[in-house]
Amino acid sequence: MTDGFFGFGALPQAVAGKIVADEVGLEYGIHGDYRLRCTVQPIFRHEDGQLTPIAVSGQTVPYLRNVPVALSEFLAGVAAEDRGLVARVCAVLPLANVHNIGVDDVSLMFRHDAAAGTGAVEDLRFMVERLGGEGFEPSRLICEVPGGDHALAAELKALGLHVALGVYGAGLPDVDVVKRMDADIVRLDRGSFERFCADVATGRLLRPVVSELKAQGVLVLVEGIDSESRLEIALAAGIDLLQGDLLEPAMLVGSLFEEQPREAADFRHGDCVVIPLFG
């Protein structure tokens, strides 16, 4: 394959010059010997016993000689003066690949990286305008941001995007922060959700937290649904949106996945021992 540079036009040359398209239009980044490729994983909405893919979570994964490498390992080898630029490239790639998702009418969720600096918002503004001109409405973009960055959340809202508040590690959602940021979604990452799955006492906290957030009109998403027991816990707590390898693993953009609704019962075979957390 020959790397053919894709013309992003209004993006700064330093950013656009690191993004290329292959012969079928899949776009990726280049940094040294690494290829930065975009993966997507479906996000399912649970309603009336059905799981329907309504969005995909887009992330950038470093590859070295066609083998995926942990992001932390890759970043450890990036020179300090290049990290901001690399972060901007990683942020742009999911947006550049929205037409390669392969499923119509789903939204794209992506994460804002503070390491990308102030230029990331201008890059996003350009991409939103460009995608809008191609028929992809800003309302189908969901940007995940950390709690407390009210100014960034307001900028995203002004662009027409939805805002997801990310809760990481052992964190707990703060309803007041959710209100101040006018978040549409609260996303518990794998580490945060694992905390609720750790034991019965901690698990009992999940349902009231979810109920309080939903009372504010906020959807709750958990990632890390990679076992039947975790699916059971999420469903029992009333989680709206689910993501994880049990339901569908992440795949390189351009791959196909089943877009029809699935029955939640298809993933519940009764092989696991589920602790009744919620009575």
Side-chain donor/acceptor of Asp189 to backbone N/O of Gly169, under 3.5 Å: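 A pair under 3.5 Å: yes.
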
Whether Asn100 side chain and Gly25 backbone form a donor-acceptor pair below 3.5 Å: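 It does hold such a pair.
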
Just how far is it from atom [atom1] of [X] to atom [atom2] of [Y], taken to the nearest 0.5 Å?
X	Y	atom1	atom2	value
His46	Leu235	NE2	CG	5.0 Å
Leu246	Phe44	CG	CZ	9.5 Å
Asp149	Leu156	CG	CG	8.5 Å
Ile185	Asp240	CD1	CG	9.0 Å
Ile239	Arg207	CD1	CZ	11.0 Å
Leu108	Ile142	CG	CD1	8.0 Å

4.5 Å side-chain heavy-atom contact, [X] and [Y]:
X	Y	value
Leu51	Phe267	yes
Val220	Val209	no
Asp182	Lys157	yes
Glu223	Gln41	no
Arg88	Glu122	no
Leu159	Pro138	no
Ser57	Glu144	no
Met181	Leu152	no

Criterion side-chain contact (heavy atoms from CB on, under 4.5 Å) on Leu188 and Arg195, from CA distance to verdict: CA-CA 10 Å; Leu188 307 182; Arg195 173 181 177 179; over 6 Å; no

Criterion side-chain contact (heavy atoms from CB on, under 4.5 Å) on Glu47 and Thr52, from CA distance to verdict: CA-CA 8 Å; Glu47 193 170 22; Thr52 303; over 6 Å; no

Shortest non-hydrogen contact between [X] and [Y], atoms and distance:
X	Y	value
Leu165	Ala183	CB-CB, 4.1 Å
Leu95	Phe110	CD2-CE2, 3.8 Å
Glu27	Ala21	CG-CB, 3.9 Å
Ala87	Ala115	CB-C, 3.9 Å
His112	Cys143	CB-SG, 3.8 Å
Val222	Ile225	CG2-CD1, 3.7 Å

SB check Glu129 Arg125 (cutoff 4.0 Å):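 No, this pair does not count.
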
Pi-cation contact, Tyr63 with Arg35 (under 6.0 Å, within 45°): no

Within 6.0 Å of CG in Asp176, more than 12 heavy atoms from elsewhere: yes

If Ile, Leu, Val, Met, Phe, Trp and Tyr residues are connected whenever their side-chain heavy atoms lie under 4.5 Å apart, and connections chain through other members, are [X] and [Y] in the same group?
X	Y	value
Val86	Val61	no
Met109	Phe193	no
Val40	Ile43	no
Leu131	Val121	yes
Ile233	Leu247	yes

Thr60 and its side-chain contact (heavy atoms from CB on, under 4.5 Å) partner, picked from Asp113, Leu93, Asn97: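 With Thr60 as partner, Asp113, Leu93, Asn97 yield a single side-chain contact (heavy atoms from CB on, under 4.5 Å), made by Leu93.
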
side-chain contact (heavy atoms from CB on, under 4.5 Å) evaluation trace for Val178 with Gln216: CA-CA 9 Å; Val178 173; Gln216 304 300 323; 5.6 Å; no

Derivation of the side-chain contact (heavy atoms from CB on, under 4.5 Å) call for Phe74 and Leu64: CA-CA 9 Å; Phe74 164 67; Leu64 182 61; over 6 Å; no

